[in-house]
Amino acid sequence: MIVDYLVAPFVEFEFMRRALVGVLALVVAGAPIGVFLMLRRMSLMGDAMAHAILPGAAVGFLVAGLNLFAMTAGGLIAGLVVALLAGLVARTTGLKEDASLAAFFLISLALGVTIVSIRGTNIDLLHFLFGNVLGLDDPTLMLAAAIATISLVALALIWRPLVLECVDPGFLRSVSRAGAPVHIAFLALVVLNLVGGFHALGTLLAVGVMMVPAVVARFWARDLTSMILTAIAAGFVAGYCGLLLSFYFGTPAGPAIILVAGVLYFGSIIFGRVGGLARNVFSRRHLEA
Amino acid sequence: MTAQVKFRDLTLGYDRHPAVHHLDGTIMRGALVAVVGPNGAGKSTLFKGIVGVLTPFSGKIDLCGLRTRDIAYLPQQADMDRSFPISVYDMVAMGLWRQAGMFAGIGRKERARIETAIAAVGLTGFEQRPIGTLSGGQMQRALFARLLLQDARLIVLDEPFNAIDAKTAADLVDLVGRWHAEQRTVLAALHDFDVVRANFPEALLLAREPVAWGAAADVLTPENLLRARRMCEAFDEEAGECRVDAA
């Protein structure tokens with residue numbers, strides 16, 4: 001039975017169940033954040049931030065070894081410091097925020113790799129960069145669940161000013177002082193989710209479950225709510241199918257998840273309802289009104 | 001008549017270069033003032049000063065008790081992300097921020113107000129359209145609907161009728177007239193002198209320094225306009241320090 005193939009790995013193996021729960025937790029909070037990043041034209045910012053958390057996590061690693069708490073705290077601090085410094089430099093000098101962030105995250109990445117290699121081995125470095133979704137223990141799962149919960153509640157709280165900040169920041173400034181705190185809270189959520197994703201998928205792929213589902217959703221939804229729901233659904237599909245593929249073909253799970261999301265992305269480019277190629281390029285006849 | 005905005009020896013600008021230079025004067029409550037002058041005259045700069053986006057180099061803007069949230073400001077180029085997936089209805093509804101803030105719900109009464117505002121600018125039927133599909137004129141109408149909901153005592157419009165067709169401009173000028181009738185104070189930067197003469201009782205002609213201020217017909221004379229143009233072309237990268245304060 002084909003259903004057996006789809007369900008059996010999760011029924012039989014605990015590590016598969018853990019991986020699935022972990023990925024779903026990451027997606028449920030990461031995808032909405034990815035949608036906001038994409039809409040604010042900060043799609044690449046997530047990638048930059050993922051590198052920026054590295055030295056912090058590495059310092060945690062240096063002090064306490066592969067200790068969940070130390071690495072999480074270090075990553076959070078490093079990510080926030082880089083985000084705030086980049087923003088500060090952009091606001092006080094003539095440099096644009098993306099250029100400023102580029103400089104900071106590259107320095108941060110170099111620092112991180114240096115610190116890891118002082119004490120660690122290449123395996124440690126691989127764990128940092130690509131994670132280990134099939135080896136999630138209880139504390140890591142709890143952390144992912146806690147981060148998902150915090151993120152969703154926080155997003156609900158800052159929803160209105162966040163949307164306003166995206167659509168018309170000038171208007172928000174004119175009616176409220178919430179703009180700057182909301183922006184910082186949002187950056188904090190980005191960092192928090194990257195740190196959460198980093199234990200499971202590593203710094204490089206944590207951004208993947210955040211951004212690729214969001215980009216997929218752009219091709220299917222016209223309003224914000226359905227875009228976010230689509231992104232979460234796409235993330236779920238990628239997580240589930242990716243784990244299955246990795247189980248049957250013996251490939252690493254993290255990349256498999258992102259590759260499935262990539263397949264969804266290519267499919268959306270062609271068949272997407274909103275701005276997909278098939279609708280715009282291949283149907284030659286224009287509409288009546 | 002009470003004052004609404006007082007400028008006292010106000011100097012505003014960028015990088016130490018003044019864009020509004022030693023402006024003195026008073027705008028009365030309920031006044032409808034057109035601010036005119038060539039490009040670079042300091043109109044937008046003055047408005048940014050009033051709404052608090054720009055801090056004066058020297059001098060003072062006294063808003064006579066108005067808080068920032070009592071002011072509605074329509075910038076010249078709204079730094080709006082028009083590709084954001086949000087409907088016209090939700091965009092207009094932002095005008096209720098002062099009542100609703102971050103958390104308060106939008107009830108039946110508020111929904112009725114939003115619909116009335118959308119109807120007042122002639123956008124009924126466009127409520128669920130994404131803002132990205134609006135034309136320039138329709139977008140300006142939607143922004144005016146948002147201004148209507150803001151219910152502000154002081155309304156500052158920076159070149160609100162640029163690049164929109166005559167019909168739309170006429171409709172929006174009517175709304176400005178309505179605000180005037182409701183005793184709100186309205187400042188608008190404009191380039192179309194016919195519109196100013198026909199609709200604005202008062203005008204301020206600016207060329208970094210005030211050239212003329214008073215009844216629109218007295219301000220918009222050819223001599224004044226020529227003088228304004230000459231004064232505006234005097235930006236000097238190597239300008240020395242202004243000595244007015246020291247004197």
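The sequence lines fix the lettering, A, B, ..., with proteins before strands; numbering per chain opens at 1. Hydrogens, waters and symmetry mates are skipped; everything else that's a heavy atom, side chains included, is used.
Using a cutoff of 4.0 Å between basic side-chain nitrogens and carboxylate oxygens, A/Asp168 and B/Arg146 are scored as salt-bridged.
In this structure, CG on A/Leu164 lies 7.5 Å from CD1 on B/Ile86, to the nearest 0.5 angstrom. Between the CH2 atom in B/Trp97 and the CZ atom in A/Arg160 there is a gap of 7.0 Å [rounded to 0.5 Å]. Annotation: the span from B/Met91 atom CE to A/Phe171 atom CZ amounts to 9.5 Å, rounded to 0.5 Å. A/Arg222 contributes atom CZ, which lies 13.5 Å from atom CD of B/Gln128 (distance to the nearest 0.5 angstrom).
Heavy-atom distances place both the backbone and the side chain of A/Leu157 under 4.5 Å from chain B. Heavy-atom distances place the side chain of A/Arg218, and not its backbone, under 4.5 Å from chain B. No part of B/Ala152 comes within reach of chain A, as not one of its non-hydrogen atoms sits under 4.5 angstrom from that chain.
By the 6.0 Å contact criterion, CD1 on B/Ile106 is enclosed, its count of non-hydrogen atoms from other residues, nucleotides or ligands being greater than 12. Applying the 6.0 Å contact sphere to CE of A/Met142 captures no more than 12 heavy atoms from other residues, nucleotides or ligands. The environment of A/Phe271 atom CZ is sparse: at most 12 non-hydrogen atoms of other residues, nucleotides or ligands sit within 6.0 angstrom. Around the CZ atom of B/Phe126, the shell of radius 6.0 Å holds more than 12 heavy atoms that belong to other residues, nucleotides or ligands.
Here the closest heavy-atom approach between residue A/Cys166 and residue B/Asp81 is recorded as O-CB, 3.5 Å.
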* Please assess A/Val167 against B/Ile131 for the test side chain to side chain contact (heavy atoms under 4.5 Å, CB included), listing each intermediate value before the final yes or no. => CA-CA 10 Å; A/Val167 183; B/Ile131 56 170; 4.1 Å; yes

* To do: Go through A/Arg41 and B/Ser83 one step at a time and tell me if the side chain to side chain contact (heavy atoms under 4.5 Å, CB included) criterion holds.
  => CA-CA 11 Å; A/Arg41 299 195 175 77; B/Ser83 65; 3.2 Å; yes

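Top candidate by heavy-atom pairs under 4.5 Å with chain B, chosen from A/Ala178, A/Ala156, A/Pro169, A/Ala221, is A/Pro169. Contact count against chain B (heavy-atom pairs under 4.5 Å) is highest for A/Pro161 among A/Gly170, A/Pro161, A/Ser176. Here B/Gln150 is the residue among B/Arg67, B/Arg98, B/Gln150 with the most heavy-atom pairs under 4.5 Å with chain A.
The side-chain heavy atoms of A/Leu39 and B/Pro85, taken from C-beta on, include a pair separated by under 4.5 Å.
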